[in-house]
Number of protein chains: 2
Amino acid sequence: MVQENRKKYILKALNEREFISVNEFVGQFSVSPMTIRRDLSELEDKGFLIRKYGGAVKSEAVGNMFSFNSRVEKNREQKEKICRTASGFVEDGDIIFVDCGSTLFRLSRYIIKKNRLKVITNSLPVVSELINYSNIKVTFIGGDIVSDRKAAYGSTAEKLIGEYHADKAFIGIDGISVNNGLSSYDEKEARITLRMAGNADKVFLLCDSSKIEKDSFYRFAPVSLIDVLITEQEVDSKIISNYKEKNITIITK
Amino acid sequence: MVQENRKKYILKALNEREFISVNEFVGQFSVSPMTIRRDLSELEDKGFLIRKYGGAVKSEAVGNMFSFNSRVEKNREQKEKICRTASGFVEDGDIIFVDCGSTLFRLSRYIIKKNRLKVITNSLPVVSELINYSNIKVTFIGGDIVSDRKAAYGSTAEKLIGEYHADKAFIGIDGISVNNGLSSYDEKEARITLRMAGNADKVFLLCDSSKIEKDSFYRFAPVSLIDVLITEQEVDSKIISNYKEKNITIITK
DNA sequence: GTTGAATCGATCATAAACGAACACAATCCG
DNA sequence: CGGATTGTGTTCGTTTATGATCGATTCAAC
């Protein structure tokens, strides 16, 4: 059986049962455990399931009021990839800011294995993803809740961020260009992002390649605000060197 | 049976009974007691149950953020009744504090029809109930998130409450008596409650009758802190007059 | 209280599962 | 044809789940 059919079969099996094991498919398809593990890993990246020791369970996507509507989300795979890359920069014991937004939200699932992590965020989806993991301390930036963003904003929120300092900040934007810096579609959001970046030692910008060298309408900071730009695919080498000049590293995997 | 199934089964069993024992699962799953103990320990960390000698009991924690909380909550009907009564005191245009806890959480659904309401709370379940109603502005008190209470606590949270003033505070406690005042099982929770009450013009205490004239271990305020006590059934007229002397009205419907 | 049985949790040992790296074959494409 | 890509299997060191041991703790009966 070919790879595609195998994956379809796996998903079908998962619809009928709560848990599927690696070994059952090893028998059924006559392939090695490694192959099944790879299949499951890819399906996990796409958000179809969650791997567990020995197999996998259904993706819990439903039921969490604070989670984004993932089925219809665009660029989902790219976001997953960016976040997976970004999670490599999170170390045990870190204190990190996590900005709000649909990209940053996906970072949560890649950091739940870290130890003694402290996460400071204004995003409700991030909180609800992390709340059940005792190895992670979550601090929520309070303020006025904006329902369509599912996050806290406003002067209180901004002021509160100033009371914390983090090792790393993971932020999102709507556009970035060497000449015009970081830009956002929403001013209140930009102010939160700016504060988080300002109170962290190292700043990681997570954005998909479509936003690079594009500007959104509210420009709020020079590119020097960030240290690392993480995106999902190779970028023009000319662009890379432009950012390099500003001491910004672009990372794609 | 694999680990994942085991845990799900354990939680299912806990939904049907008050107490589950380690030994019953040792028999059912053919694993060692140590394994079950480890399972229970992990489930406790995530806030799904509370371990006791020989097994575990249900967690008090509320939460509509989680997939399998359809368990039958204790005293649920009484809490509903108390909250329905309390909602009668909420008026259009009010600014109100809502404390955290399983009783106060139920207040949300009775106030969603009000107009121009502003709700200030440290409870995540309350936020998630109200977030989709545009007629209600929600302000979340940030701070350290405590997973089993699903709310924010700590010095930041306490300080933040001081920055707000509300028309009314709706609070909960674990015990109240004329002589010893309000008491709580948890000190950090008491401090939040105290701040909310202190920053509101009128204070409504929501508690079921089993807590009246009972003391919990941390006494944190005299009964004069509150203005109105809302409970679910008729209280002894002697008690009513004792509270009346302190200018507290007891309301039962 | 005292005592004894049951339970608990820290620790160690073991087997299974895991993933990174490398190797190999099949396929694609200039 | 030859290089690149893709899918798979193998190896091997690491991680995870589990069970066993054993002293400490808890509970209940006295």
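Throughout, a chain's letter reflects where its sequence line sits, starting with A, and its residues are numbered from 1.
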Asks: What's the NZ-P distance between B:K7 and D:dT16, to the nearest Å?
Replies: 13 Å
Asks: Could you give the CZ-to-P distance, from B:F29 to D:dG19, as a whole number of Å?
Replies: 12 Å
Asks: Please say which of A:V119, A:I120, A:L124 ends up in a side-chain contact (heavy atoms from CB on, under 4.5 Å) with A:F140.
Replies: A:L124
Asks: In whole Å, what is the span from the CD atom of B:E42 to the C1' atom of D:dT16?
Replies: 11 Å
Asks: Taking five pairs at each end of the helix from C:dG1-D:dC30 to C:dG30-D:dC1, what angle separates the two helix axes (nearest 10°)?
Replies: 40°
Asks: Indicate whether OP1 or OP2 belonging to D:dG9 is found under 4.0 Å from a side-chain N or O atom of A:T35.
Replies: yes
Asks: Can you tell me the distance, in whole Å, between the CZ atom of A:R6 and the C1' atom of D:dT6?
Replies: 12 Å
Asks: Are B:E129 and B:F105 packed together at the side-chain level, in the sense that at least one heavy-atom pair is separated by less than 4.5 angstrom?
Replies: yes
Asks: If I take atom NZ from residue A:K52 and atom CG from residue A:L40, how far apart are they, to the nearest 0.5 angstrom?
Replies: 13.0 Å
Asks: Hey, are A:R17 and A:E24 close enough for a salt bridge, meaning a charged N less than 4.0 Å from a carboxylate O?
Replies: yes
Asks: For the pair made of CG in B:D39 and P in C:dT7, what is the distance, rounded to whole Å?
Replies: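 Those two atoms, CG and P, are 17 Å apart.
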Asks: Take a 6.0 Å sphere around CZ of B:F19 and say whether it holds more than 12 heavy atoms from other residues, nucleotides or ligands.
Replies: yes
Asks: Just say parallel, tilted or perpendicular for the rings of A:F89 and A:F204, cut-offs at 30° and 60°.
Replies: tilted
Asks: Using a 4.0 Å heavy-atom cut-off, write out nucleotides 9-18 of chain C from 5' to 3' as B (base contacted by protein), S (sugar-phosphate only) or - (no contact).
Replies: BBB----BSB
Asks: Mind jotting down which residue pairs meet the salt bridge (charged side-chain N to carboxylate O under 4.0 Å, His left out) criterion with at least one end in residues 168-180 of chain A? Sequence neighbours excluded, please.
Replies: A:E91-A:K168, A:D94-A:K168
Asks: Check B:K238 with B:E213, please: is the shortest side-chain N to carboxylate O separation under 4.0 Å?
Replies: no
